[in-house]
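Comments concern the structure below.
Order of the sequence lines fixes the chain letters, A, B, ..., with proteins taken first and strands second; residue numbering starts at 1 for each chain. These figures come from a predicted structure and were not determined experimentally.
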Protein chains: 2
Amino acid sequence: VPPEELAVVVNTGDDFEHFGLHVSPDLDTLLYTLAGINNPTTGWGRDADTWSFMEALEEIGGATWFRLGDKDLALNVLRTHTLRSGTTLSKFTADMTKRWGIASRIIPMSNETVRTVIETELGPLDFQDYFVRRRCEPVAQSIQFRGASDAAPGAELQEIMTGGSLAAVIICPSNPYLSIDPILSVPGIRDALRRCGAPVVAVSPVVSGDSLKGPTAKIMNELGIICSATAIAQHYRGLINGLLIDTDDASLEADIANLGIAVKLSNIVMRSAEDRCTLAKTVVQFAGELGCRVK
Amino acid sequence: VPPEELAVVVNTGDDFEHFGLHVSPDLDTLLYTLAGINNPTTGWGRDADTWSFMEALEEIGGATWFRLGDKDLALNVLRTHTLRSGTTLSKFTADMTKRWGIASRIIPMSNETVRTVIETELGPLDFQDYFVRRRCEPVAQSIQFRGASDAAPGAELQEIMTGGSLAAVIICPSNPYLSIDPILSVPGIRDALRRCGAPVVAVSPVVSGDSLKGPTAKIMNELGIICSATAIAQHYRGLINGLLIDTDDASLEADIANLGIAVKLSNIVMRSAEDRCTLAKTVVQFAGELGCRVK
């Protein structure tokens, strides 16, 4: 897929106000990664960042549980200021992709405020409070997307979903509950994807009953869902045409197919750049096969 | 003077909103200086600061004419956030002095917003725009303190001025038009100082027809005022009891005395820490002499 034909729709339910700054962790991770300036060690933030701000903040008693590097801070400060001036989040994001020479489009799921809140044994927790500060330790009871009912996909996303030019929609192997559901909670997105005419394909974030990374398995258990690729298929039922699962889960193929979802087996555990590239090719090919079948 | 008996009232007319941050250059310079963490080379900002934020900001197209170091930024971000939560500027400043172990009180002239605006040939310019961005180059026509009529001294400053415990009031050798007048523009301050019972003493910022530092002489010329210690005396007439002038200006002594202002001659050019210390002692002694005379 040529990068200029790729549009990435990004979860902004993880966004939050920190020190009055509008922080967009998922958007920034993607921007930095596609700009080639991400920090590969942490998985977030910028490469070769410095920490003077955090050190000085600690000295004067500011909260330090959410780490913002000095360079990372520049994007957050400029974004906050730009949004306050009336610019939309999608416009600001587009300006940054252009500035960093990123050919793909990066589109926030909505320009309106949607906030992922985890209902836990400790009460409702904002996403970053749950995820970063408390390291996903509190037991999740349910997940809310506050503000979603008043949100809408931005004009650019609307155009992409309804313009008839989509070749495929790929749902990445992300946490369905924390990373994909926020996007699907925005009114209109789920319907538009179902009607767009392009195959919708997901990659399972679960292999052999455990998550590829992060707290997906823990959360599924807490929500009373048996963690398996089948549960992922059930979760996305009615939305996806195909699910890519790991060869280790071959035994689940029939169950998933019985849900009316096409299954493809592949190695979905990515340990290297080569693995990521292979998986990307596999999923695009899978979508192509489904697309042909649909036509 | 024991540091715990010293209260420094600080100009906040230079404060401004930059990237949505509440920046208080004069307050911070004083905080950093008394905390021993100021940058002696620049005269502003923190020692051993780093510049990753500014570099990253430049990369993404943010304005870089006002330099904020990474550590300096921490104070600005925390202040902005704290003020938005409803804390006053004087409370926040007091918290920082405590945290840095500063024994003296540092008090903003007001908790309300007063903004120094320079009317110039280019139109009205916000102070930092005039001072930093344009390096005081535009010709000044007049100076306004916007918001002053709605401002008031904070409770702590009010108490100091009217509590009857003041031994002396010292007006530092600062620019009278840009640094002292903003303070005097706050309703109540001028009257309270006149009535406080303590001698009010100023140190001339002008020697031999030129300013000790900064644009004082340039501005006086542009405003049609002949730059001299006599003009400083005329400017503070009715407020001050005494004016400390340089021995080089001995010829002006009689003119100033004729305005009803006591004059003391001294070396007021500070080239070293020793000079600063000597001048401080001289001015305190001068105030003491005047205080005795008043009683």
Side-chain angles (χ1 to χ4, degrees), chain A residues 16-23 27-28 31-32 35-37 39 45-64 66-87 91-102, chain B residues 16-23 27-28 31-32 35-39 45-64 66-87 92-102:
Chain A
F16 76 127
E17 286 268 323
H18 195 47
F19 304 119
L21 300 174
H22 180 113
V23 181
L27 274 174
D28 291 355
L31 278 168
Y32 293 153
I37 55 174
N39 183 330
R46 283 196 55 169
D47 60 340
D49 213 338
T50 60
W51 301 93
S52 300
F53 170 79
M54 290 308 293
E55 285 161 20
L57 193 66
E58 184 157 27
E59 190 184 311
I60 57 177
T64 56
F66 194 88
R67 312 282 298 161
L68 284 168
D70 300 328
K71 293 183 187 179
D72 195 11
L73 198 58
L75 184 57
N76 285 292
V77 167
L78 189 64
R79 171 169 42 225
T80 305
H81 184 55
T82 306
L83 295 183
R84 285 222 183 92
S85 316
T87 300
K91 170 74 167 68
F92 176 79
T93 306
D95 288 347
M96 292 301 112
T97 58
K98 193 174 172 187
R99 185 164 280 274
W100 273 313
I102 298 168
Chain B
F16 76 128
E17 287 269 323
H18 194 47
F19 305 117
L21 299 174
H22 180 113
V23 181
L27 275 173
D28 292 355
L31 278 168
Y32 293 153
I37 54 174
N38 60 310
N39 182 329
R46 283 196 56 167
D47 61 340
D49 213 338
T50 59
W51 301 94
S52 300
F53 170 79
M54 290 308 295
E55 285 160 21
L57 193 65
E58 184 157 27
E59 189 184 312
I60 57 177
T64 56
F66 193 88
R67 311 283 295 163
L68 284 168
D70 299 329
K71 292 184 187 178
D72 195 11
L73 197 58
L75 183 56
N76 285 293
V77 167
L78 189 63
R79 172 170 40 225
T80 305
H81 184 55
T82 306
L83 294 183
R84 284 222 184 92
S85 316
T87 300
F92 176 78
T93 306
D95 288 348
M96 291 301 111
T97 58
K98 194 173 171 188
R99 187 165 280 275
W100 273 314
I102 298 169

Query - Residues in residues 91-99 of chain A near chain B [non-hydrogen atoms, under 4.5 Å] - result: A/M96, A/R99
Query raised in the report: With chain B, which of A/L21, A/L73, A/T82 has the greatest number of heavy-atom pairs at distances under 4.5 Å?
Result: A/L73
Report task. Report yes if some heavy atom in the side chain of A/V77 is under 4.5 Å from a heavy atom in the side chain of A/T80; otherwise report no. Result -> no
Query raised in the report: Would you find a donor on one side and an acceptor on the other, under 3.5 Å apart, between the side chain of B/R46 and the backbone of B/G69?
Result: no
Query raised in the report: Do A/N76 and A/H18 come close enough that some side-chain heavy atom pair is under 4.5 Å?
Result: no
**Report entry** Largest heavy-atom contact set with chain A, pairs under 4.5 Å, which of B/L57, B/I60, B/T50
**Finding:** B/I60
Report task. Answer with side chain, backbone, both or neither: which region of A/I37 has an atom nearer than 4.5 Å to a non-hydrogen atom of chain B? Result -> side chain
Query raised in the report: Any donor-acceptor pair under 3.5 Å linking the side chain of B/D70 with the backbone of B/S52?
Result: yes
Report summary line: dist B/H22:NE2 -> B/L83:CG (nearest 0.5 Å) comes out at 5.5 Å
**Report entry** Part of A/W100 within contact of chain B (heavy atom distance under 4.5 Å)
**Finding:** side chain
Query raised in the report: Are the side chain of B/D47 and the backbone of B/N38 linked by a donor-acceptor contact shorter than 3.5 Å?
Result: no
Query raised in the report: Can you find a heavy atom in the side chain of B/L31 that is under 4.5 Å from one in the side chain of B/L75?
Result: yes
Requested in this report: Count the heavy-atom pairs under 4.5 Å between each of B/E59, B/R84, B/E55, B/M54 and chain A, then report the option with the highest count.
Outcome: B/E59
Report task. Taking side-chain hydrogen bond (donor to acceptor under 3.5 Å, both in side chains) as the test, write out the residues that go with B/D49, two or more places apart. Result -> none
